[in-house]
Protein chains: 2
Amino acid sequence: MRQPASSARAASSSAPGNVGDVRKANLARVLSVIAGAGEDQRLSRADIAQLSQLTKASVSSLVADLLAAGLVIEIGVHRDGERGRPSVGLILNPARCVMGMEINVDYIAAGLVDLSGKLLAHEILPSANHSSTASEVLAALGELSQRLQAAARAQGLMILGGGLAVPGLVNEERYTVLQAPNLGWERQDLDVAALLPDAKTRFRLFNEANASALAQQQLMDVKERDFLFVSGEVGIGGGLIIDAELFAGPQGHAGELGHVVIAPEGRACSCGGRGCLETIAGQEAILAAADLGAMVDSASRQRRIHQLFQALETGTEPALSAVAEAGKSLGIAVASAMRLYDVSTVVFGGHFAALEQWLRPAMEASLQMHAPSIAGQARLLCSPLGQTGALVGAARSVAGDLLEAPHQLVG
Amino acid sequence: MRQPASSARAASSSAPGNVGDVRKANLARVLSVIAGAGEDQRLSRADIAQLSQLTKASVSSLVADLLAAGLVIEIGVHRDGERGRPSVGLILNPARCVMGMEINVDYIAAGLVDLSGKLLAHEILPSANHSSTASEVLAALGELSQRLQAAARAQGLMILGGGLAVPGLVNEERYTVLQAPNLGWERQDLDVAALLPDAKTRFRLFNEANASALAQQQLMDVKERDFLFVSGEVGIGGGLIIDAELFAGPQGHAGELGHVVIAPEGRACSCGGRGCLETIAGQEAILAAADLGAMVDSASRQRRIHQLFQALETGTEPALSAVAEAGKSLGIAVASAMRLYDVSTVVFGGHFAALEQWLRPAMEASLQMHAPSIAGQARLLCSPLGQTGALVGAARSVAGDLLEAPHQLVG
DNA sequence: CCATATAGTTCAGGACATAAACTAAATGGC
DNA sequence: GCCATTTAGTTTATGTCCTGAACTATATGG
């Protein structure tokens, strides 16, 4: 296992500058131009030279290294009716991929994601993880991983790294889950080497909301470089993208919207606090307020969520007001977060996206009431990401690390 | 006027990598080692080579450029009783400085700050700016600036740039104050060229809280790389330092703690919202809750603040509970901000620092109640920064930009 | 078959960091 | 007073890498 990206980045920035660094930077530059091109837009060396502002000579040399490293492949191009020597197309090697995985409360999932971020194959396995120990869950995920590794071998795919998303706070450097109350985990060291054994592999651990934010980024307009992703799962998480990069904060725990205080005299929260957003807009809180009981096992939650939607669709109280109350609280929390982060786009995922039609009116009214000066420019979107969102985001981010540091794979 | 740092940085990162970039990076590297040395620690070329991990040959060559650019000077060193050729000390040129300025509600200020961040000279002028137009205030500040420019000339100081802090939201690129409700300004373009006319000058515009945070950074332990500075002035601002850099957000408005919602059903705020922190912990709110009237001119505010402290020292209600209520609200807002930013250190400045003994108990109790899991590691400090804080921070930041991009001044 | 156009490669030149050899300037023992 | 020793700093040969210009490769179209 290589070092996670953060420390690798720190190391490279603290290293002295020598001429070789220029090549590292330019390898990454060329690769980012290739990766930045559209789906089936095949750039030639000449195109890359123009886009990267490097000379054709440099580009040829750099591309040769990328070809040798297997990050890029040449692909024939036929341009009808144009003069001149035909160009050779260059694309990211579609036979290189990253394994994304997720452990959530009610399922585990894994998938193969290519360097362009496309999900090639995946498998989702229902699994009541709250009642399981970390090692049991990891064993099951390990099996899932092995199946996908076999699938990769069968298709000639090389796995260059992996990412795992969990619904809780993680220490990325130590591969430790610090707190995942909805899994019932606390301070669990994860033996990630067992998930993806190849020693040459780069592996990173993610918070579920952060990973989902990274997946959401792929769906946004490239100009939308700043947004907050709010993940409504059993808990409420948040992932912040600033200047097209994940803003994780000093310890990697930034964005945790679930425990923003929105009712100072409110209910006690599982975090020990009082009046947190999660006590009103979390899944359990909504279900409880909708008079759908308070049992916590996975099977019953699925059933109760189904009942909630039935009640909403028939316009039955107290379900309607439970969701409206959640929307109102969400509007307050989002108002504060938008102010503190200075973002004007917020994307809602998980149950918030599913509840959009009942949630949005109350949320917008609340935002208008508490922050009229920003409500006008606010863009509140709902995410189409499903259960593969977090694994795709985790894998995509690891793939991005590889594309940013191609010299590690060259020569 | 050169471009502000943000665009300059973007430009350099989007430029293609050539060998010259290595030199730019190494110039900055050597300079940061010199700047990072203690007050009167005089590093030799040999010391720098060790600390920067560059070779002696490279350091000699780089230092020669920095000397030629006037950013660094040689200074004799006598080491008693040591063998070997004596080293030549290198320090930041003490004859280079940056002009910091501030426009606040009740005063204007300007000062000269050397490249190490030391305030060399300053002047503070009481000025009731709420009742003045932007051009009047700028004219007065221009005069102040001229006096300091004359002082600089008299002392042989060369002014390399300037920074101006204002209590409001700014657009740094356009030198525009977007909103400064406490000055009564909205969308004011500032003719900063009139403040510091030299065409070679780099000039930047700052939010007051951000500038203060940058000044506070100088007072912190170097290991304290992440903290939130909360500025209690007429309004409540915030400046966030993450990884030893200002986190300004996409538009430069991040950190605005004053309009975090802490009482959803609370009082209307000047921002048009409801229940913002400022409606309870802002200066006017505290004075009003302490039954000290609600007149808004500067002279009366100074008098009423004096009365507030008298009442607090004699333990008189309702002053005590007004401040306690502010502390409670501050605790709630800080709990949310600490969660969202993932910082564990918060530094309070302005009237919050002055009110510490009456504010702190309520604030700590509130933080403990609303976020017990982070209250334990939370470090809540009060800042000793006075009225020169913002100007020093603005100047220091501009000086930092110069030290980060020395190639602009070399050759 | 050849002019034209575009893609990509080769090669000389210059900037830069590096390592090793070299010069400079002090101390301290004799 | 002289010389070995020690540390500071400079000079020089070498290799990497980008650049620009010349050159080769490969298509179209008259």
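Side chains included, hydrogens not; waters and symmetry mates left out as well; all remaining heavy atoms used. Protein chains get the first letters and strands the later ones, always in sequence-line order, with residue 1 at the start of each.
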(request) Quickly, which of A:Asn93, A:Ile34, A:Val30, A:Leu115 forms a side chain to side chain contact (heavy atoms under 4.5 Å, CB included) with A:Val72? Name it, please. (result) A:Ile34

(request) To the nearest Å, give me how far apart CG (B:Asn26) and C1' (C:dA15) are. (result) 13 Å

(request) Quick one: list whatever passes side chain to side chain donor-acceptor pair (under 3.5 Å) with B:Asp243, sequence neighbours left out. (result) B:Arg225

(message) Using a heavy-atom cut-off of 4.0 Å across all strands, would you classify A:Val59 as base, sugar-phosphate, or nothing?
(response) nothing

(request) Round to the nearest Å and state the distance from A:Ile48 atom CD1 to C:dG8 atom P. (result) 9 Å

(request) Would you mind listing every salt bridge (charged side-chain N to carboxylate O under 4.0 Å, His left out) that reaches into residues 61-73 of chain B, with sequence neighbours excluded? (result) B:Arg23-B:Asp65

(message) Tell me every residue that passes ring-ring contact (aromatic ring centres under 6.0 Å, His included) with A:Phe247, counting only those two or more places apart in sequence or in another chain.
(response) B:Phe247

(request) Let me know the distance between CZ of B:Arg42 and P of D:dT7, rounded to the nearest Å. (result) 22 Å

(request) Could you tell me the separation between the CG atom of B:Leu43 and the P atom of D:dG9, rounded to a whole number of Å? (result) 11 Å

(request) Check salt bridge (Lys or Arg N to Asp or Glu O under 4.0 Å) between A:Lys56 and all other residues, then give those that pass, not counting sequence neighbours. (result) none

(request) Round to the nearest Å and state the distance from A:Lys24 atom NZ to D:dC18 atom C1'. (result) 17 Å

(message) Without decimals, in angstroms, what is the distance between A:Ile75 CD1 and C:dA7 C1'?
(response) 18 Å

Taking only nitrogen or oxygen atoms into account, show me every contact under 3.5 Å that the protein makes with nucleotides 2-5 of chain C, one pair per line with its distance.
residue	atom	partner	partner atom	Å
C:dA5	N3	A:Gly84	N	3.4

(request) Look at the side chain of B:Ala46 and decide which nucleotide, out of D:dG9, C:dC16, D:dC17, has an atom nearest to it. (result) D:dG9

(request) Using the side chain to side chain contact (heavy atoms under 4.5 Å, CB included) rule, pick out the option among A:Val98, A:Leu148, A:Leu119 that qualifies with A:Leu112. (result) A:Leu148

(request) Would you mind telling me which of D:dA8, C:dA17, D:dC18 lies closest to the side-chain atoms of A:Ser58? (result) D:dC18

(message) Counting the atoms with a prime plus P, OP1 and OP2 as sugar-phosphate, which does A:Ala57 contact under 4.0 Å by heavy atoms, base, sugar-phosphate, or nothing?
(response) base

Can you list, pair by pair, the side-chain donor-acceptor contacts under 3.5 Å of residues 153-162 of chain A, counting residues two or more places apart and other chains?
none

(message) Which nucleotide wins on minimum distance to the side chain of A:Pro86, given the candidates D:dA27, D:dT10, D:dA8?
(response) D:dA27

(request) Could you tell me whether B:Ser44 contacts a base, only the sugar-phosphate backbone, or nothing, with contacts defined as non-hydrogen atoms closer than 4.0 Å? (result) sugar-phosphate

(request) Rounded to the nearest angstrom, tell me the gap between atom CD in B:Gln50 and atom C1' in D:dT7. (result) 12 Å

(message) I want to confirm an ordering. Mapping B:Ser61 and A:Leu62 to their closest nucleotides on DNA chain D, which one lands closer to the 5' end?
(response) B:Ser61

(request) Look at the side-chain N and O atoms of B:Thr55 and state whether any lies under 4.0 Å from the OP1 or OP2 oxygen of C:dT18. (result) yes

(request) In whole angstrom, give the distance that lies between atom NZ of B:Lys56 and atom P of C:dA21. (result) 13 Å

